[in-house]
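All of these numbers come straight from a predicted model, not from anything done at the bench. Position 1 is the first residue of the sequence, and the numbers go up from there.
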Amino acid sequence: MRVLFAGTPAVAVPSLDALVKAGFDVVAVLTRPDAPVGRKRVLTPSPVAQRAVELGIEVIYAARLDAEAITKISAVQPDVAAIVAYGGLVPPAALRIPRHGWVNLHFSLLPAWRGAAPVQRSVMAGDDVTGAVTFQLEEGLDTGPVFGTLTEAVRPQDTAGDLLERLSHSGAVLLAQTLSAIDAGQASAQPQAGDVSLAPKLTLEDGHINWSHPALAINRQARGVTPEPGAWTLLDGQRVKLEPVRLRSDIAGLAPGSVALQGKTVVVGTGSHAVELTRVQPAGKKMMAAADWARGMASLESVVFE
């Protein structure tokens, strides 16, 4: 079966590898154009593009599926298109090209967390279990019938990055199994059932910690926005980046945002009990252990995060 693979970030690479390993004829890879990376903003191919070049697979670069991109997709004559975090909408004209349509690997248990940031929103909401599904792509936002499902427990200290890493590998297996079933004429997609929730793309503001919120909510928020866009707070009008915090239910009485030294650890007051800072990145500096940051401050007594 001739497969067009559409994907962009690193979490999509295991799926591309799984399809190649399973023996599918991956005739082309569709990915977004080179993007600026790092402080020097160097134009860099996407992880999927880099892997496709290593595998000797034709790459179609498209920020959106316009007439030119659709012509290129038609030219490779795919039987099916597999899509994993491509990062763009697929218009009806493109949906109609493969005879088996487009099969999307989505990192949630649909219809929960439809949208661009399902894993991040799941962690932030405090879900105990999440997963991944393969489904038939339609014009609606993640509304198509589901072929296959897997579940994954959310561990207490999981960041969105941790969870995505695991799901990217287990999901790759699910995607290959789904395409094999389609190729054998044994696939059966079932309508989605359950409560719908939405997972819009994260913005920088989603990482801004509100210290009046309960400690558990802050812990979930920081884990959900790690690694991107990252948790942060303000100190004297300057943004301070934070790695995920630890719950300290044994420490109470600190005002929200107030910073204090507790033994060798740095804690911050919240709307409930305190949280412990792990690593901190002040403006213009590198990420460092919270204790090292505290030693560099003249006094923590007057330090209040906003």
Side-chain angles (χ1 to χ4, degrees), residues 1-22 24-35 44-108 110 114-118 132-144 146-148 164 167-169 171-180 182-183 187 189 201:
M1 186 162 65
R2 295 172 62 83
V3 178
L4 169 76
F5 183 82
T8 298
V11 294
V13 172
S15 288
L16 174 58
D17 285 339
L19 297 186
V20 172
K21 184 178 180 180
F24 289 103
D25 183 12
V26 182
V27 292
V29 159
L30 170 68
T31 192
R32 296 179 67 81
D34 296 1
T44 305
S46 74
V48 167
Q50 293 179 51
R51 183 60 179 144
V53 170
E54 292 171 358
L55 294 168
I57 299 172
E58 177 186 348
V59 180
I60 300 171
Y61 296 94
R64 63 186 184 88
L65 298 188
D66 54 15
E68 181 182 357
I70 289 173
T71 298
K72 291 179 180 178
I73 292 170
S74 297
V76 299
Q77 300 179 328
D79 296 312
V80 68
I83 181 167
V84 185
Y86 163 61
L89 297 176
V90 181
L95 288 174
R96 292 191 293 265
I97 294 172
R99 61 190 177 95
H100 292 300
W102 292 61
V103 177
N104 193 168
L105 172 64
H106 184 78
F107 299 118
S108 85
L110 291 175
R114 291 175 175 172
V133 301
T134 48
F135 72 96
Q136 191 81 55
L137 200 64
E138 299 178 338
E139 289 186 56
L141 177 64
D142 300 334
T143 57
V146 173
F147 289 106
L164 266 171
L167 288 171
S168 71
H169 291 280
V173 176
L174 177 64
L175 180 61
Q177 292 172 340
T178 299
L179 294 197
S180 293
I182 291 173
D183 193 25
K201 183 179 179 180

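For the atom pair CG (Leu137) and OH (Tyr86), the distance works out to 12.5 Å, reported to the nearest 0.5 Å. Taken to the nearest 0.5 Å, the CG atom of Asp142 stands 4.5 Å off from the NE2 atom of His106. With values rounded to the nearest 0.5 angstrom, Asn104 atom CG is found 11.0 Å from Thr178 atom OG1. From Gln136, atom CD reaches atom CD1 of Ile182 across 6.5 Å, with rounding to the nearest 0.5 Å.
Proximity of Glu139 to Leu95: side-chain heavy atoms (C-beta onward) are separated by under 4.5 Å at one or more points. Considering only heavy atoms from C-beta on, Phe147 stays 4.5 Å or farther from Leu174 through its side chain. In this structure, the side chains of Leu65 and Ile73 come closer than 4.5 Å at one or more pairs of heavy atoms. For the pair Ile57 and Val20, the minimum side-chain heavy-atom distance is below 4.5 Å. Residues His169 and Val173 are not in side-chain contact: their nearest non-hydrogen atoms beyond the backbone lie 4.5 Å or more apart. Side-chain contact between Leu16 and Leu55 is present, with heavy atoms from C-beta onward closer than 4.5 Å.
Heavy atoms only, all atoms of each residue included: Leu179 and Phe24 are closest at CB-CZ, 3.5 Å. Here the shortest heavy-atom pairing between Ala117 and Lys201 reads CB-CA, 4.3 Å. The shortest heavy-atom contact between Ala63 and Pro33 is N-CD, 3.5 Å. Residues Ala85 and Pro9 share a closest heavy-atom pair of O-CD, 2.9 Å. Taking both residues in full, the closest heavy atoms of Leu141 and Arg114 are given as O-CD, 3.4 Å, listed atom of the first, atom of the second, then distance. Between Ala132 and Leu105, the shortest heavy-atom distance links the atoms CB-CD1, 4.1 Å.
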Could you please spell out the steps behind the side chain to side chain contact (heavy atoms under 4.5 Å, CB included) verdict for Val11 and Val84? CA-CA 8 Å; Val11 294; Val84 185; 5.5 Å; no

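With sequence neighbours excluded, no residue satisfies side-chain contact (heavy atoms from CB on, under 4.5 Å) with Ala75. Residues forming a side-chain contact (heavy atoms from CB on, under 4.5 Å) with Ala93 (at least two apart in sequence, or on another chain): Ile70, Arg96.
Look at Arg2 and Asp79 and you find no salt bridge, because none of the NZ, NE, NH1 or NH2 atoms lies under 4.0 Å from a carboxylate O.
Residue pairs satisfying the side-chain hydrogen bond (donor to acceptor under 3.5 Å, both in side chains) criterion with at least one member in residues 44-57, sequence neighbours excluded, are listed as follows: Asp17-Arg51, Thr31-Ser46, Arg51-Glu54.
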